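Data block below; observations after.
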Amino acid sequence: MEKPQFKTGEFEGPLDLLLYLIQKHKLDICDIEISALLEQYLAYIDAMGQDDLEIASEFLEMAARLVYIKTAMLLPRHEEEGVKLKAELQGQLLEYQVCQRVAAQLGALSRLYLNFARQPMKLPADHSYRLTHSPQILYDAYRDAAGRGARRLPPPVRAFSGIVARRVVSVGSRILHILRGLYRTGSAPYESLFLTSTDRSELVATFLAVLELVKARRITVDGGQVSFERGGRARQQQEAPT
């Protein structure tokens, strides 16, 4: 887990404050006077407390660390430990100072290359399929694909059997059929003309034949009775087919 960063005033952490005090009072990092540095550090911490600023625990921890280093260096038995802790603090300050310089250089570069963008890398295409599926899912996918393929095929011949195989009845043949019937009887009920029709094509052809004969004034339809036109029977007898 990333450690949270605290910022008190304009300083980000206690090392930043120590570097500021060292530069302000022109102290030598490689030979720090812990007493002077501790005095300046505690004075700044006290000023922050008087300004009602919340002091982070890291700043207080560094103050306790400086006090401990100073105390260890004053005690004869712990003088070596104090020197070791002082050298460790100096190393941390030098590393932090280098990080500050690098951060400043990177910040200057970022302002110069605000629009810099790396070109996308060309990655090789990987077409291998690495997922696994149950047999039922594979079967369902195959069935759906086969169904879509069947729908793209041309319709079977039986789909056109009702259209192509249907008997075609000509209007001329039904005209001859009506005239022959009237030639024998002279007249006939209108509905009787359709009694012998066996399918729709024949019904339609018979109806169109009646219309053609009425239009040509060869027959008349009156009160549901069909008969020859006046003067047309003799003509029909002359034109009657043998």
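Here the structure is a predicted model, which means the values were calculated and not measured.
When all heavy atoms are compared, the tightest approach of T206 to I178 is O-CD1, 4.1 Å. Here the closest heavy-atom approach between residue P14 and residue M62 is recorded as CB-CB, 3.6 Å. Q225 approaches S187 most closely through the heavy-atom pair NE2-OG, 3.5 Å. Here the closest non-hydrogen pair linking I175 and A209 is CG1-CB, 3.5 Å. Across every non-hydrogen atom of S35 and K70, the tightest pair is OG-CE, 3.6 Å. Nearest approach of F228 to T220, heavy atoms of both residues: O-OG1, 4.1 Å.
In this structure, E95 and Q90 have side chains that are not in contact, with every pair of non-hydrogen atoms separated by 4.5 Å or more. The shortest distance between side-chain heavy atoms of Y20 and K24 falls below 4.5 Å. A heavy-atom distance below 4.5 Å is not found between the side chains of L208 and R174. Using a 4.5 Å cut-off on side-chain heavy atoms (C-beta onward), L179 and L213 make contact. Between H177 and T196 the shortest side-chain heavy-atom distance falls below 4.5 Å.
Among pairs with a residue in residues 191-213, those fulfilling ring-ring contact (aromatic ring centres under 6.0 Å, His included) read Y190-F194, at least two apart in sequence or across chains.
Not one N or O on the side chain of S197 forms a donor-acceptor pair closer than 3.5 Å with the backbone of D199. At distances below 3.5 Å, not a single donor-acceptor pair connects side-chain atoms of S192 with backbone N or O atoms of A188.
Applying the side chain to side chain contact (heavy atoms under 4.5 Å, CB included) test to S170 and every residue at least two apart in sequence or in another chain returns S173. With sequence neighbours excluded, the residues forming a side chain to side chain donor-acceptor pair (under 3.5 Å) with R130 are D126, S128, listed by chain and number.
Note: L15 CG to C99 SG = 10.0 Å, rounded to the nearest 0.5 Å. Here the CG atom belonging to L182 is positioned 8.0 Å from the OG atom belonging to S227, to the nearest 0.5 angstrom. With values rounded to the nearest 0.5 angstrom, L89 atom CG is found 5.0 Å from I69 atom CD1. Here Q40 contributes atom CD and L17 contributes atom CG; the two are 10.5 Å apart, rounded to the nearest 0.5 Å. Interatomic distance, L37 CG to L42 CG, rounded to the nearest 0.5 Å: 9.5 Å.
In this structure, L19 is a member of the same hydrophobic cluster as L21, with clusters built from ILVMFWY side-chain heavy atoms closer than 4.5 Å. V169 and V210 are assigned to two separate hydrophobic clusters, defined by single-linkage of ILVMFWY side chains at heavy-atom distances under 4.5 Å. Linking Ile, Leu, Val, Met, Phe, Trp and Tyr whenever their side-chain heavy atoms come within less than 4.5 Å puts L18 and L85 in one cluster. Transitive grouping of hydrophobic side chains (ILVMFWY, heavy atoms separated by less than 4.5 Å) brings L106 and V98 into a common cluster.
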Legend entry - Audit row: R65, E88, side-chain contact (heavy atoms from CB on, under 4.5 Å) steps and yes/no: CA-CA 11 Å; R65 182 180 176 184; E88 181 180 350; 4.0 Å; yes
